[in-house]
There are 2 protein chains.
Amino acid sequence: MLASPTVENYLKAIYQGQSALADGQHVPMGQLAAALGVVPGTATTMVKALAESGLVSYEPYVGVRLTVAGEKLAVMVLRRHRLVELFLVQVMGMNWTEVHDEAEHLEHAVSDRLIQRIDAMLGHPQVDPHGDPIPDASGTVDRHEYHSLLTCPLNTRVTVTRVLDQNPTFLKFIEDCALMPGRAVEVTTRDTAADSVSVKTPDRTVTMGARAASKLLVQLETNPI
Amino acid sequence: MLASPTVENYLKAIYQGQSALADGQHVPMGQLAAALGVVPGTATTMVKALAESGLVSYEPYVGVRLTVAGEKLAVMVLRRHRLVELFLVQVMGMNWTEVHDEAEHLEHAVSDRLIQRIDAMLGHPQVDPHGDPIPDASGTVDRHEYHSLLTCPLNTRVTVTRVLDQNPTFLKFIEDCALMPGRAVEVTTRDTAADSVSVKTPDRTVTMGARAASKLLVQLETNPI
DNA sequence: TTGGAGATTTTGACTAATCAAAATATAATA
DNA sequence: TATTATATTTTGATTAGTCAAAATCTCCAA
Ligand SMILES: [Mn+2]
Ligand SMILES: [Mn+2]
Ligand SMILES: [Mn+2]
Ligand SMILES: [Mn+2]
């Protein structure tokens with residue numbers, strides 16, 4: 001049951017590829033290879049080995065899918081990753097734009113004992129600095145649907161809850177626009193032709209591409225009675 | 001200049017083997033292999049590779065020694081290891097008897113940026129929880145001679161400053177005897193025939209083997225004027 | 001000075017992870 | 001349906017790290 005960093009990274013990448021897909025769908029090998037920064041042939045070889053150890057189910061020319069055992073492991077890697085990220089921000093005072101890369105390494109090095117202490121110290125948090133849900137110790141992960149700035153209603157106050165991109169440059173852009181998780185904003189216009197979305201923040205109005213807008217998940221503000 | 005965890009562990013082990021030796025001496029392959037938990041042939045192969053990359057100088061049938069470049073790297077690994085240990089004790093509230101194994105992994109995963117923050121958060125500490133000196137950011141490491149409970153004067157108050165064994169069981173024993181770094185104690189008797197040393201603590205008198213006694217380094221208490 | 005005894009090195013083999021490039025399968029297009 | 005484009009798998013090779021066991025070296029003692 002001792003997974004190498006490489007195996008953990010594969011499982012995590014498959015999990016994340018899967019979570020963007022419909023239930024029971026397979027993650028294509030090309031996408032997996034790209035996500036891991038390896039050549040397609042490498043992914044094929046590794047995935048066949050993972051299938052051999054019962055962590056994934058693999059269908060040639062179709063793709064790969066986590067088994068129950070594989071998903072259990074993947075979720076625990078994700079838990080470690082996200083708890084570490086939040087710890088680095090809250091306790092170590094690091095910037096939320098730079099903790100992802102650090103966590104990418106630490107997620108393979110922290111013991112269960114340490115992760116338990118981090119979890120307790122942070123008060124068993126629900127989400128990480130990017131709004132990604134933190135699986136609990138039993139492996140249960142909050143999974144609820146969100147709108148994005150691309151799909152939410154117009155001229156309605158919404159709260160940014162999650163950013164689906166860990167690229168530091170993108171995150172810095174989001175920070176500059178005051179669009180980090182927790183901020184209340186309002187989509188004023190969407191221009192299909194220009195492929196753009198305009199968002200009003202308390203400070204100003206920002207216009208961004210649809211691709212960027214789709215990476216910002218939001219929740220409709222619930223009006224108190 | 002990117003050393004793998006394995007290379008870092010080899011350099012660290014050579015450094016530690018070296019520090020028990022006279023200047024310019026070589027660490028024998030057998031000792032190195034034992035310290036790393038590998039078979040002698042493996043150590044030979046690896047050391048030849050390290051020599052190839054200029055990190056060590058290797059003399060067949062004699063042993064291995066760090067070059068300046070190798071020592072620089074080794075010291076940085078040691079710095080990370082010890083800062084992490086102290087962090088785990090001071091900030092995370094872990095027991096000093098259990099942080100070594102955790103640090104053994106984390107030392108390869110923490111970035112310079114993070115280690116810098118840890119160092120600052122701890123106030124640029126001089127020693128880790130076991131009394132081992134922490135090299136500073138430039139790689140300078142405090143190296144001064146100590147007595148041990150085996151060599152210090154009898155019936156004289158001394159302060160335990162360092163424990164030269166990371167084994168949790170041994171550390172727990174030290175803790176139980178109230179002989180952790182910082183404690184003031186006094187060696188009452190040494191029995192060469194019985195190979196034992198008796199130490200008086202504020203609470204009681206403990207008798208231990210010479211081997212154990214030699215692992216507890218002490219400093220003579222400086223009498224204030 | 002001649003055996004060992006014990007330490008060290010060699011040799012051959014193995015696993016994990018990777019790439020380049022050729023071969024093949026699938027999907028899309030004409 | 002035949003052809004082309006794209007995705008995937010195979011094949012052959014490489015690097016890091018390791019072990020088992022045979023070969024070799026060093027050094028001490030008889
Ligand atoms: Mn990772
Ligand atoms: Mn995150
Ligand atoms: Mn280590
Ligand atoms: Mn220590």
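Every chain is numbered from 1, with letters handed out A, B, ... down the list of sequences.
- In this structure, CG of A:Leu55 is placed 13 Å from P of C:dA16, rounded to the nearest angstrom.
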Next item on the list: Could you check A:Gln219 against A:Thr161 for side-chain hydrogen bond (donor to acceptor under 3.5 Å, both in side chains), going step by step and ending with a plain yes or no?
Entry: CA-CA 6 Å; A:Gln219 224 171 13; A:Thr161 54; 5.4 Å; no
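- C:dT18 atom P lies 11 Å from atom CG of A:Leu32, rounded to whole Å.
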Margin query: Please determine whether side-chain hydrogen bond (donor to acceptor under 3.5 Å, both in side chains) holds for the pair B:Glu175 and B:Trp96, giving the CA-CA distance in whole Å, both sets of side-chain angles, and the decisive distance to 0.1 Å.
Written below: CA-CA 9 Å; B:Glu175 191 172 55; B:Trp96 76 302; 3.0 Å; yes
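- To the nearest angstrom, P of C:dT26 lies 12 Å from CD of A:Glu59.
- A:Gly30 comes within 4.0 angstrom of the backbone, heavy atoms only, and of no base.
- When the C1' atom of C:dA16 is taken as reference, atom CG of A:Leu2 falls 13 Å away, rounded to whole Å.
- Applying the 4.0 Å criterion to OP1 and OP2 of C:dT9, one finds that B:Lys48 has every side-chain N and O outside that range.
- Straight-line distance from the OH atom of A:Tyr58 to the C1' atom of D:dA7: 11 Å, rounded to whole Å.
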Next item on the list: Check step by step if side-chain hydrogen bond (donor to acceptor under 3.5 Å, both in side chains) holds for B:Thr67 and B:Ser57.
Entry: CA-CA 6 Å; B:Thr67 61; B:Ser57 101; over 6 Å; no
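- Between C:dA17 and A:Ser4, a contact under 4.0 Å exists linking OP1 or OP2 to a side-chain N or O.
- The 12-atom threshold is not exceeded at CG of B:Asp112, counting heavy atoms of other residues, nucleotides or ligands nearer than 6.0 Å.
- For the residue pair B:Ser198 / B:Thr207, a side-chain donor-acceptor distance below 3.5 Å is found, with atom types taken as modelled.
- Ring planes of A:His81 and A:His100: tilted class, angle from 30 to 60°.
- Of the candidate nucleotides D:dT9, C:dT9, D:dA20, D:dA20 has the atom lying nearest to any side-chain atom of B:Val39.
- Mapping A:Pro60 and A:Gly37 onto DNA chain C by nearest heavy atom places A:Gly37 at the nucleotide closer to the 5' end.
- Rounded to a whole Å, the CD atom of B:Gln31 is 14 Å from the P atom of C:dT9.
- More than 12 heavy atoms of other shown residues, nucleotides or ligands fall within 6.0 angstrom of atom CD in B:Gln25.
- Phosphate contact (OP1/OP2 of C:dT10, side-chain N/O of B:Tyr61, threshold under 4.0 Å): absent.
- Nucleotide D:dG17 holds its P atom 5 Å from the CE atom of B:Met46, rounded to whole Å.
- Between the CE atom of A:Met29 and the P atom of C:dA27 there is a distance of 16 Å, given to the nearest Å.
- Within a heavy-atom distance below 4.0 Å of DNA chain C, the residues of residues 6-14 of chain A found are A:Thr6, A:Tyr10.
- The side chain of B:Thr44 contributes an N or O atom lying less than 4.0 Å from OP1 or OP2 of C:dT9.
- Residue B:Val38 has its side chain nearest to D:dC19 when only D:dC19, C:dT18, D:dT9 are considered.
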